[in-house]
Amino acid sequence: MTEAYVALEGGHVIEGRGRAPGTARGELVFTTAYSGYEESLTDPSYEEQILTFSYPLIGNYGVREERFESDRIHPRAVLAKELTKDVADWLAGEGVPAVDHLDTREVVTDIRDGGAMKCGIAVGEDVTEEDALEQLEQCKAMSDHTDIGAQVSVDEPVVHGADNDGETVALIDCGAKGSIVDSLLERDATVHVFPYDAAAADVEAVKPDILFISNGPGDPVNFGQAITLVEAFVEDTPVAGICLGQQIVAEALGGTTEKMTFGHRGVNQPVLDLESGQVVMTTQNHGYTVADPGDHLEVTQINVNDDTPEGIDGVEYDVLTRQYHPEANPGPEDTLDFFDDVLAMASERADAQAVPADD
Ligand SMILES: NC(=O)CC[C@H](N)C(=O)O
């Protein structure tokens, strides 16, 4: 059997069965999602993390590319109670180490008690516990990945749906899931995808009806240019954001963000809308949260489990953001209407600003 060692912050080493060889290090997190492993593994927000699935069997319906959220696997390594051959082969093919036959309840309990933590992994014929500990030693804190956007963003602007008749969206790609682009295209928008560090003049040149900040990995304060773009555009252009996007908008408009103990990752996170009193089930994947929205933003939705902000509106600006993933993939589609609301906000503003024709 292939050796497999998982070294947790503090030096505790867990042994498992090696399913895909290699060494890796990253921030150890868990998701409680019971399906959607292809979408989760290709979600760029998992960059620099090691993903533990708490659901015991991962891979039981195969691996299909049409369910991918990006063109590669983003977690640095994967832990599960049992991985099917399909998933293990996929991980091995992309060079992502994988370990199963370990007690994932123990791993999840450790993360719940100690918080998301540094982790080192070694899998292979001849690896030792020391190899995993050496990886752990070299592991950086998530907030020290100061240019993580460069690892997940497009290098050059890309346009989707150029012939569509709807709103023009400038999507700042901080590690965007493909489903966010698809959700906008399905609603007839033209989507200009910009690099995470795009210059304001380049974004301005496409005359966007809305500035949309995507999801993405790591600490929102490390996305300085996206924060600057929100500051530059918010007076004249509606702004939307998903997950990291909500955090970036808060940082830009006088709010603050903070790291959570172990975050929210799963597909059944309950969210309460404070105005309607309705609770919806949502897909989530985040380790940071808005701590204080500041004076320009108002919290409109909260997490039922811990009261953290899930939805935010602008007080005097046209701003609409969500901490969860309205695009689902994986998970419930209860919140897809976010995209309708965002595009309606953009079109109402565009109508209001249109110069009346002379009669
Ligand atoms: N899915 C996301 O956009 C994650 C946002 C951010 N990286 C966090 O962990 O909170």
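These numbers come from the heavy atoms of this one structure, side chains and all, not from hydrogens, waters or symmetry mates. First listed ligand is number 1; within each ligand, the first listed atom is number 1. Given the structure is predicted, the values throughout are model-derived calculations rather than measurements.
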*Asks:* Considering both backbone and side-chain atoms of I242, is one of its nitrogen or oxygen atoms within less than 3.5 Å of a nitrogen or oxygen in ligand 1?
*Replies:*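 No; the residue has no nitrogen or oxygen that sits under 3.5 Å from a nitrogen or oxygen of the ligand.
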
*Asks:* Can you pull out every side chain to side chain donor-acceptor pair (under 3.5 Å) where at least one residue sits in residues 290-302? Sequence neighbours excluded, please.
*Replies:*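 Output for this query lists D273-Q301, H296-E316, Q301-R322, Q301-Y324.
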
*Asks:* Can an N or O of R265 be found at a distance shorter than 3.5 Å from an N or O of ligand 1?
*Replies:*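 No, there is no polar N/O contact under 3.5 Å.
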
*Asks:* What about Q247: any of its N or O atoms under 3.5 Å from an N or O on ligand 1?
*Replies:*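 So ligand 1 has an N or O lying under 3.5 Å from an N or O of Q247.
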
*Asks:* Could you tell me whether ligand 1 has any atom less than 4.0 Å away from a heavy atom of Q284?
*Replies:*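 Q284: no contact with ligand 1 (<4.0 Å).
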
*Asks:* Would you name the heavy atoms of P217 and E47 that are closest together and state the gap between them?
*Replies:*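 Looks like CB-CB, 3.8 Å.
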
*Asks:* Could you tell me whether S45 and ligand 1 have an N or O pair separated by under 3.5 Å?
*Replies:*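 N/O-N/O distance under 3.5 Å: yes.
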
*Asks:* Whether K118 and E137 form a salt bridge (side-chain N of Lys/Arg under 4.0 Å from carboxylate O of Asp/Glu) is what I want to check.
*Replies:*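 Not counted as a salt bridge, because no side-chain N and carboxylate O are separated by less than 4.0 Å.
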
*Asks:* Mind checking whether P217 contacts ligand 1 via backbone (N, CA, C, O), side chain (CB onward), both or neither, at a 4.0 Å heavy-atom cut-off?
*Replies:*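 For P217, only backbone atoms sit under 4.0 Å from ligand 1.
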
*Asks:* Between R76 and E48, is there a salt bridge with N-O shorter than 4.0 Å?
*Replies:*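 Looking at R76 together with E48, the answer is yes, because their closest N to O distance falls below 4.0 Å.
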
*Asks:* Please indicate whether any nitrogen or oxygen in C243 is less than 3.5 Å from any nitrogen or oxygen in ligand 1.
*Replies:*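 The answer is no, given that C243 and ligand 1 share no N or O pair closer than 3.5 Å.
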
*Asks:* Among protein heavy atoms, which sits nearest to atom 10 (O) of ligand 1, and what does the distance come to when rounded to 0.1 Å?
*Replies:*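 Atom 10 (O) of ligand 1 sits closest to the protein heavy atom Y288 N, 2.7 Å.
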
*Asks:* Please report which non-hydrogen protein atom sits nearest to atom 8 (C) of ligand 1, along with the residue it belongs to and the distance in Å to one decimal place.
*Replies:*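 In this structure, atom 8 (C) of ligand 1 has G287 N, 3.3 Å as its nearest protein heavy atom.
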
*Asks:* Is it true that Y61 and L91 fall in one hydrophobic cluster, defined by side-chain heavy atoms closer than 4.5 Å?
*Replies:*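 In one cluster: yes.
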
*Asks:* Is the closest N or O pair between H286 and ligand 1 shorter than 3.5 Å?
*Replies:*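 Between H286 and ligand 1, no N or O pair is found under 3.5 Å apart.
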
*Asks:* Nearest to atom 5 (C) of ligand 1, what protein heavy atom do you find, and at what distance?
*Replies:*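 Checked against all protein heavy atoms, atom 5 (C) of ligand 1 sits closest to G216 O, 3.2 Å.
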
*Asks:* Should N285 be counted as touching ligand 1, given the test is an N or O pair under 3.5 Å?
*Replies:*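 Yes, since at least one N or O of N285 sits under 3.5 Å from an N or O of ligand 1.
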
*Asks:* Between the side chains of E38 and R64, is the shortest nitrogen-to-carboxylate-oxygen separation below 4.0 Å, so that they form an ion pair?
*Replies:*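 Not counted as a salt bridge, because no side-chain N and carboxylate O are separated by less than 4.0 Å.
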
*Asks:* Does the distance from a Lys or Arg side-chain N to an Asp or Glu carboxylate O, for E134 and R25, drop under 4.0 Å?
*Replies:*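 No, this pair does not count.
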
*Asks:* Students should be able to answer this: which protein heavy-atom is nearest to atom 6 (C) of ligand 1, and at what distance?
*Replies:*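 Of the protein heavy atoms, G218 O, 3.4 Å lies nearest.
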
*Asks:* What pairs with S70 under side-chain hydrogen bond (donor to acceptor under 3.5 Å, both in side chains), at least two apart in sequence or on another chain?
*Replies:*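 Testing S70 for side-chain hydrogen bond (donor to acceptor under 3.5 Å, both in side chains), a comparison that skips the adjacent residues, returns H74.
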
